[in-house]
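Step one of this worksheet: look at the structure below.
Each chain gets a letter, A, B and so on, in the order its sequence line appears, and its residues count up from 1. Computed from a predicted model, the values in this text were never measured in an experiment.
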There are 2 protein chains.
Amino acid sequence: MRPSLKDFKKKALANPEVEKEYLDLAPAYALRKQLIEIRKNAGLTQEELAEILHTKKSNISRLENVNSKISPTLSTIEEYAKAVGYKLQLQFVPQH
Amino acid sequence: MRPSLKDFKKKALANPEVEKEYLDLAPAYALRKQLIEIRKNAGLTQEELAEILHTKKSNISRLENVNSKISPTLSTIEEYAKAVGYKLQLQFVPQH
DNA sequence: GCTTAAGTTATCATATATGATAACAGGGGC
DNA sequence: GCCCCTGTTATCATATATGATAACTTAAGC
């Protein structure tokens, strides 16, 4: 029997309730999921997107990866979004 | 007679139409204006906000300044927003 | 089972954002 | 006029994001 952290995550995220908590928990996680989603919408692989952005697939992976500890710059996110046909909008919403 | 770049900017931004073009032109500019706006809404000076964020007012100025060439990290913006009572929301909107 | 495609992880080099300090500019109040 | 408050700018040191390369995992296809 192998370790099952990945399995756990997969199953947990398949549960809509857990999913929501997961997204609420850390906005950074939500970002990664959105990035992946819009890239897939564009029908691109990490490698293809990397080429458009003149970088390498490993860097795209790092950007999308939930386990990543980096806090990307706005321009990185903006360029990523643009490359897959989206534009980034920022909104500041008052707390409560 | 003194150079009037600042005057020009002040007058230009006072014009609603120019204002809109200005904001459309570069999202980065819009960001700076929003940052200043939410800080003022919180009734804080740069120095007061700097203290909350455990940094210095010169760094806050750099962040807010339109002439700044930096592309801040998401965490920087998030922490700024939180400190003045807002939360940051990211939206990816399809082009056209 | 092998191969290929897609994504991950580790590592290092480089670029850039951030922190700190100091000096300066402008405005308002007195 | 002189302060004080607020924000700006320049500079340097440090932290961190990004780029590049290589090796690895996993799944899908045959």
Side-chain angles (χ1 to χ4, degrees), chain A residues 1-11 13 28-29 31-84 88 90, chain B residues 1-11 13 28-29 31-84 88 90:
Chain A
M1 181 59 179
R2 302 296 309 286
S4 52
L5 178 53
K6 275 191 181 175
D7 294 342
F8 170 75
K9 278 171 38 179
K10 197 175 297 182
K11 285 183 184 174
L13 291 179
Y29 292 174
L31 171 65
R32 321 290 180 178
K33 284 190 68 77
Q34 289 183 82
L35 289 178
I36 296 172
E37 185 182 350
I38 62 179
R39 174 173 60 80
K40 297 224 161 135
N41 282 353
L44 294 174
T45 66
Q46 289 184 346
E47 193 163 21
E48 290 166 337
L49 176 56
E51 194 168 359
I52 296 176
L53 292 173
H54 304 104
T55 182
K56 305 298 175 184
K57 65 174 181 174
S58 57
N59 298 324
I60 302 294
S61 174
R62 177 176 51 196
L63 189 63
E64 293 179 352
N65 198 317
V66 165
N67 297 321
S68 174
K69 293 177 177 57
I70 69 169
S71 179
T73 62
L74 279 184
S75 59
T76 298
I77 303 297
E78 285 169 356
E79 287 162 19
Y80 181 114
K82 191 172 183 181
V84 297
L88 177 63
L90 301 182
Chain B
M1 181 60 178
R2 302 297 307 286
S4 52
L5 177 54
K6 274 191 180 175
D7 293 343
F8 171 75
K9 279 170 37 179
K10 197 175 295 182
K11 285 184 184 174
L13 291 179
Y29 292 174
L31 170 65
R32 319 291 179 177
K33 284 191 67 78
Q34 289 183 84
L35 289 179
I36 296 173
E37 185 182 351
I38 62 179
R39 175 172 60 80
K40 297 222 161 139
N41 281 355
L44 294 174
T45 66
Q46 288 184 348
E47 193 162 20
E48 290 167 336
L49 176 55
E51 193 167 0
I52 296 175
L53 292 172
H54 304 103
T55 181
K56 305 299 175 184
K57 63 174 181 174
S58 57
N59 299 323
I60 301 295
S61 175
R62 176 175 52 195
L63 189 63
E64 293 179 351
N65 198 317
V66 164
N67 298 320
S68 175
K69 293 179 178 57
I70 68 169
S71 181
T73 62
L74 279 184
S75 60
T76 298
I77 304 296
E78 284 169 352
E79 287 161 19
Y80 181 114
K82 191 172 182 181
V84 297
L88 176 63
L90 301 183

Length of the line joining [X]:[atom1] and [N]:[atom2], which is rounded to integer Å:
X     : N      : atom1 : atom2 : result
B:E79 : D:dA15 : CD    : P     : 16 Å
B:I70 : D:dT8  : CD1   : C1'   : 14 Å
A:R32 : C:dG7  : CZ    : P     : 16 Å
B:I60 : C:dA20 : CD1   : P     : 11 Å
A:L49 : C:dA5  : CG    : C1'   : 16 Å
A:N59 : C:dA15 : CG    : C1'   : 13 Å
B:K69 : C:dT18 : NZ    : P     : 16 Å
B:E47 : D:dT8  : CD    : P     : 13 Å

Problem - Nearest-0.5 Å distance, CD1 of residue B:I77 to NZ of residue B:K82 - result: 15.0 Å

Out of [options], whichever nucleotide has its closest atom nearest the side chain of [X]:
X     : options                : result
B:T73 : C:dG19, D:dT6, C:dA17  : C:dA17
B:T45 : C:dT9, C:dT18, D:dT6   : D:dT6
A:S58 : D:dG7, C:dA10, C:dG19  : C:dA10
A:T55 : D:dA17, D:dA20, C:dG19 : D:dA20

Handout entry: Expected output: side-chain A:S71 to main-chain B:S75 donor-acceptor under 3.5 Å
Key = yes

Practice task
Would you name the heavy atoms of A:Q34 and B:L90 that are closest together and state the gap between them?
Solution key: OE1-O, 3.9 Å

Problem - Within 6.0 Å of CD in A:E48, more than 12 heavy atoms from elsewhere - result: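 Counting neighbours around CD of A:E48, more than 12 heavy atoms of other residues, nucleotides or ligands fall under 6.0 Å, so yes.
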
Exercise for the section: Kindly say whether, by distance alone, the side chain of B:R62 makes a donor-acceptor pair under 3.5 Å with the base of D:dG7? Expected result: no

Problem - Phosphate-side-chain proximity, A:T76 and D:dA17, N/O vs OP1/OP2 below 4.0 Å - result: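 Indeed not, no polar side-chain atom of A:T76 lies that close.
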
Problem - N or O in side chain of A:N65 less than 4.0 angstrom from C:dT9 OP1/OP2 - result: yes

Exercise for the section: Classify the nucleic acid contact of A:S61 as base, sugar-phosphate or nothing, counting any heavy atom under 4.0 Å across all strands shown. Expected result: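 Here A:S61 touches the bases of the nucleic acid.
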
Handout entry: Closest-nucleotide ordering on DNA chain C, the 5'-leading residue of B:P72 and B:K56
Key =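 The 5'-side residue here is B:P72.
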
Exercise for the section: Show your working on side chain to side chain donor-acceptor pair (under 3.5 Å) between B:N59 and B:R62 and close with a plain yes or no. Expected result: CA-CA 5 Å; B:N59 299 323; B:R62 176 175 52 195; 3.0 Å; yes

